[in-house]
Amino acid sequence: MNTGSDEPREVAVAPEERAGEKPDEAQDEQGLGSRAPEFIRSRRLLHLSWQVLVFVIGLAVVVAGIIMLPLPGPGWVVIFGGMAIWATEFVWAQLVLRWTKRKVTEAAHRALDPRVRRRNIILTSIGLVIIGAILGVYLWKFGFEMPWNIKDQ
């Protein structure tokens with residue numbers, strides 16, 4: 001696969017057809033490369049400045065998402081937003097986003113499988129019964145007393 005070129009106005013393009021893929025999937029793989037306006041892509045220094053700006057903005061968004069992972073906030077959504085910003089200019093980010101989209105779609109199809117759904121419902125029910133039993137034992141032994149207020153028994 002052509003991943004890019006030093007020539008202005010040239011974008012990387014995936015192969016026309018791959019074995020085992022549908023024609024619309026092969027068509028979806030085309031169009032990799034910069035999405036900068038034509039007047040920016042036609043001037044090398046301006047295009048390089050544009051790429052640096054896109055990279056810095058995308059990096060700030062990804063770092064904010066990473067910070068949000070342990071803190072309150074939509075961390076993964078923000079990280080993928082930063083990747084989408086990078087994907088407007090960089091082929092590697094476009095490929096990462098396409099791979100991620102494919103994996104998420106596969107996971108969604110697996111989750112909708114009736115056997116998997118049944119298994120997940122059973123495991124969730126068992127987990128809730130166990131939590132309920134532990135909570136019942138705690139309430140029977142200590143009542144509505146908070147754990148840090150319990151004196152040695």
Side-chain angles (χ1 to χ4, degrees), residues 1-135 138 146-149:
M1 174 174 25
N2 181 11
T3 59
S5 172
D6 290 335
E7 298 299 317
R9 292 188 217 99
E10 189 171 322
V11 296
V13 178
E16 289 299 318
E17 276 191 49
R18 294 182 186 167
E21 283 189 346
K22 299 175 188 169
D24 59 320
E25 289 176 356
Q27 186 180 23
D28 185 39
E29 293 291 324
Q30 293 181 2
L32 295 174
S34 177
R35 289 181 175 76
E38 182 62 34
F39 74 92
I40 290 176
R41 282 186 284 153
S42 65
R43 293 165 182 83
R44 183 141 177 88
L45 184 61
L46 187 57
H47 190 229
L48 183 62
S49 302
W50 177 268
Q51 286 181 327
V52 168
L53 179 67
V54 167
F55 182 79
V56 169
I57 291 171
L59 182 64
V61 173
V62 167
V63 167
I66 291 171
I67 291 171
M68 285 184 207
L69 286 175
L71 300 175
W76 285 110
V77 174
V78 174
I79 289 172
F80 289 125
M83 289 295 295
I85 291 171
W86 280 338
T88 63
E89 203 54 41
F90 303 106
V91 173
W92 60 267
Q94 294 169 359
L95 295 174
V96 167
L97 281 178
R98 287 182 180 172
W99 178 84
T100 304
K101 181 180 177 183
R102 188 172 54 248
K103 292 298 180 183
V104 167
T105 303
E106 289 171 6
H109 285 296
R110 278 195 313 268
L112 294 176
D113 181 25
R115 291 181 301 165
V116 173
R117 289 187 71 198
R118 189 177 322 114
R119 183 200 65 201
N120 289 345
I121 289 171
I122 290 170
L123 289 175
T124 302
S125 301
I126 291 170
L128 288 174
V129 167
I130 291 171
I131 289 172
I134 292 171
L135 185 61
Y138 177 85
M146 294 305 237
W148 49 85
N149 292 334

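No experiment lies behind these values; they were computed from the predicted model shown.
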Quiz item: What residues, two or more places apart in sequence or in another chain, satisfy salt bridge (Lys or Arg N to Asp or Glu O under 4.0 Å) together with Arg115?
Solution: Asp113

Quiz item: Can you list every pair that meets ring-ring contact (aromatic ring centres under 6.0 Å, His included) and has a residue in residues 108-131, with sequence neighbours left out?
Solution: none

Exercise. Please round to the nearest 0.5 Å and tell me the distance separating atom CD of Gln94 and atom CH2 of Trp92.
Key: 10.5 Å

Can you give each donor-acceptor pair under 3.5 Å made by side-chain atoms of residues 63-90, sequence neighbours left out, with the distance rounded to 0.1 Å?
{"from": "Trp86", "atom 1": "NE1", "to": "Phe55", "atom 2": "O", "distance (Å)": "3.0"}
{"from": "Thr88", "atom 1": "OG1", "to": "Ile85", "atom 2": "O", "distance (Å)": "2.6"}
{"from": "Glu89", "atom 1": "OE1", "to": "Ser34", "atom 2": "OG", "distance (Å)": "3.1"}
{"from": "Glu89", "atom 1": "OE1", "to": "Trp50", "atom 2": "NE1", "distance (Å)": "3.0"}
{"from": "Glu89", "atom 1": "OE2", "to": "Ser34", "atom 2": "OG", "distance (Å)": "2.5"}
{"from": "Glu89", "atom 1": "OE2", "to": "His47", "atom 2": "NE2", "distance (Å)": "2.8"}

Quiz item: Mind checking what makes side-chain contact (heavy atoms from CB on, under 4.5 Å) contact with Arg110, not counting sequence neighbours?
Solution: Glu106, Ala107

Hey, can you pull the donor-acceptor pairs under 3.5 Å for the side chains in residues 121-132, sequence neighbours left out?
{"from": "Thr124", "atom 1": "OG1", "to": "Asn120", "atom 2": "O", "distance (Å)": "2.8"}
{"from": "Ser125", "atom 1": "OG", "to": "Ile121", "atom 2": "O", "distance (Å)": "2.8"}

